[in-house]
Novice: 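Below is a structure I'd like to ask you about.
Along the sequence shown, the residues carry numbers beginning at 1. None of these values were measured; they are calculated from a predicted model.
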Amino acid sequence: MIFLILFIFWTAFGSFSTVLIERWRSGNPGILFGRSECPKCHTVLSSTSLIPILSYLFQRGKCKKCHTHISFFYPLAEATMGLIFMIVWYFILLNGWEILEIRSIILFILWFITGLYALYDARYMEVPDKALIPGIYGYLVLILLSIFFGYDSLIFDQASYITDRDFLYDHLLWALLIYSFFYLQILIPGGFYLLKKGYYKGLFELLFSYVTFPVTLIGELWKNDKEASWTEESIPTWVWWWDLRIALFIGITLGTVHSLFALFVAYISGSIIGLLILAYKKKQSSKKHNSQIPFWPFLAFWWCMAILWYGEVLGFIMR
């Protein structure tokens, strides 16, 4: 009964995540304020229409007034976020932490950000900046504060979970290494393209962006997500530019060992599932199909697994 009550409570965060996703997507400035409404008839939703999961079931997936079909994404997102918070809560209990400890609160926030962007990428094949960038810089500030006050780690005791480097080196350097790995997947195809076209100024800007991108990232918060720079619009890349944000987030939150685990398994599982989806689509029809699949849900899932299996992953890789 306690688990059921808590799950229902946590699904409210899933409902909140769908509000953030849709308002970020539409460019609605009222992220935290303003009543929710039907996107079709713009009728303000009543309180009975805002109950996570249950409202969708009682209304049979339709708007009360205009009877427009409501996407199944909404109850799915609510259930997913409820499950995410339940797992975090149970994980905290298993480790004997207090629910209001700093590390517990940090863990809830990180998992919420991870779930939010996995859902956004699954729905729109994009990753906006509005929570990921504050997550990166916020965690960086927490790392520096923890070192200043003499703590070894933010979530796990570094004395109990020893890696091959100190805490600052482990997180900051590996964030840079993963960022470099993703950046090469932009530089190599983009650089060859610019060389072939003779756009040497563009090539220099692309190279220089390796240094300027992490520094100027905070400015992206005030930029419309639909606005793209010349590089994002005109050069071929193997990954999207927002994957660089994800690279920094993964590296700075997980550190060396667990970043390796999350990235490796995410690429393997994403490739296998992607091939299966493409094979299924090809079998259904001979027409050309979209070969893109969202990568962030895979990486988000294995990011979560790296946290849940923190000791096991560390022990396995060290052996």
Novice: Run the numbers on Tyr124 and Tyr120 for ring pair (Phe, Tyr, Trp, His ring centres under 6.0 Å), then give the verdict.
Specialist: CA-CA 6 Å; Tyr124 291 119; Tyr120 196 104; 5.5 Å; yes
Novice: Side chains of Ser180 and Tyr210 only: does a donor on one sit below 3.5 Å from an acceptor on the other?
Specialist: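 Checked: Ser180/Tyr210 side chains pair up, N/O donor to acceptor below 3.5 Å.
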Novice: Should the pair His258 and Tyr310 be assigned to parallel (<30°), tilted (30 to 60°) or perpendicular (>60°) ring geometry?
Specialist: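 His258 and Tyr310: parallel rings.
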Novice: A side-chain contact here means heavy atoms from C-beta on lying under 4.5 Å apart; do Ile246 and Phe182 qualify?
Specialist: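 Contact flag for Ile246/Phe182 side chains = no.
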Novice: Heavy-atom distance under 4.5 Å between the side chains of Phe108 and Ile92, does that happen here?
Specialist: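 Yes, side chains in contact.
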Novice: Check whether Tyr74 forms a cation-pi arrangement with Arg123 (NZ or CZ under 6.0 Å from the six-membered ring centre, at most 45° off the ring normal).
Specialist: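 Yes.
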Novice: Quick check for you: to the nearest 0.5 Å, what is the distance between Leu248 atom CG and Tyr179 atom OH?
Specialist: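 Spacing of CG (Leu248) from OH (Tyr179) equals 7.0 Å.
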Novice: Report the relative orientation of the aromatic rings in Phe112 and Phe16; use parallel for angles under 30°, tilted for 30 to 60°, perpendicular for over 60°.
Specialist: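 If you compare the ring of Phe112 with that of Phe16, the planes turn out parallel.
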Novice: With a sphere of 6.0 Å drawn around CZ of Phe9, does it hold more than 12 non-hydrogen atoms of other residues, nucleotides or ligands?
Specialist: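 At most 12 heavy atoms, drawn from other residues, nucleotides or ligands, come within 6.0 Å of this atom.
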Novice: Would you say Trp302 and Met305 make side-chain contact, with heavy atoms under 4.5 Å?
Specialist: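 Yes - at least one pair of side-chain heavy atoms lies under 4.5 Å apart.
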Novice: Can you list the steps and then say if Ile186 with Leu244 is a side-chain contact (heavy atoms from CB on, under 4.5 Å)?
Specialist: CA-CA 10 Å; Ile186 293 175; Leu244 298 178; 4.0 Å; yes
Novice: A side-chain contact here means heavy atoms from C-beta on lying under 4.5 Å apart; do Ile113 and Leu132 qualify?
Specialist: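 When only atoms from C-beta onward are counted, Leu132 and Ile113 do touch, with a gap below 4.5 Å.
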Novice: Side-chain contact test, heavy atoms from C-beta onward, threshold under 4.5 Å: evaluate it for Thr212 versus Ser209 and give yes or no.
Specialist: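 Side-chain contact under 4.5 Å: yes.
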Novice: Give, for atom OH of Tyr193 and atom CG of Leu203, the distance between the pair rounded to the nearest 0.5 Å.
Specialist: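 So the OH of Tyr193 and the CG of Leu203 are separated by 13.0 Å.
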Novice: Looking at OG1 of Thr11 and CG of Leu83, how far apart are the two atoms once the value is rounded to the nearest 0.5 Å?
Specialist: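 Rounded to the nearest 0.5 Å, the OG1-CG separation comes to 11.5 Å.
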Novice: With heavy-atom distances below 4.5 Å as the criterion, would you say the side chains of Tyr267 and Phe295 are in contact?
Specialist: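 Tyr267 vs Phe295: side chains touch.
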Novice: Distance check, rounded to the nearest 0.5 Å: Tyr117 atom OH versus Leu20 atom CG?
Specialist: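 CG of Leu20 is found 9.0 Å from OH of Tyr117.
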Novice: For residues Glu22 and Phe73, determine if any side-chain heavy atom of one lies less than 4.5 Å from a side-chain heavy atom of the other.
Specialist: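 Heavy-atom side-chain distance check passes, below 4.5 Å.
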Novice: Between CD1 of Ile109 and OG of Ser104, what distance do you get to the nearest 0.5 Å?
Specialist: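 The distance works out to 11.0 Å.
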Novice: If you round to the nearest 0.5 Å, how far is CG of Leu254 from CH2 of Trp174?
Specialist: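 Here the rounded value is 11.5 Å.
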Novice: Quick check: do Ile106 and Tyr139 have side-chain heavy atoms less than 4.5 Å from each other?
Specialist: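 Answer yes - side chains close enough.
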Novice: Step through it carefully: locate the ring centre of Trp97, locate the ring centre of Phe91, and say whether they are under 6.0 Å apart.
Specialist: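 Yes, the ring centres sit under 6.0 Å apart.
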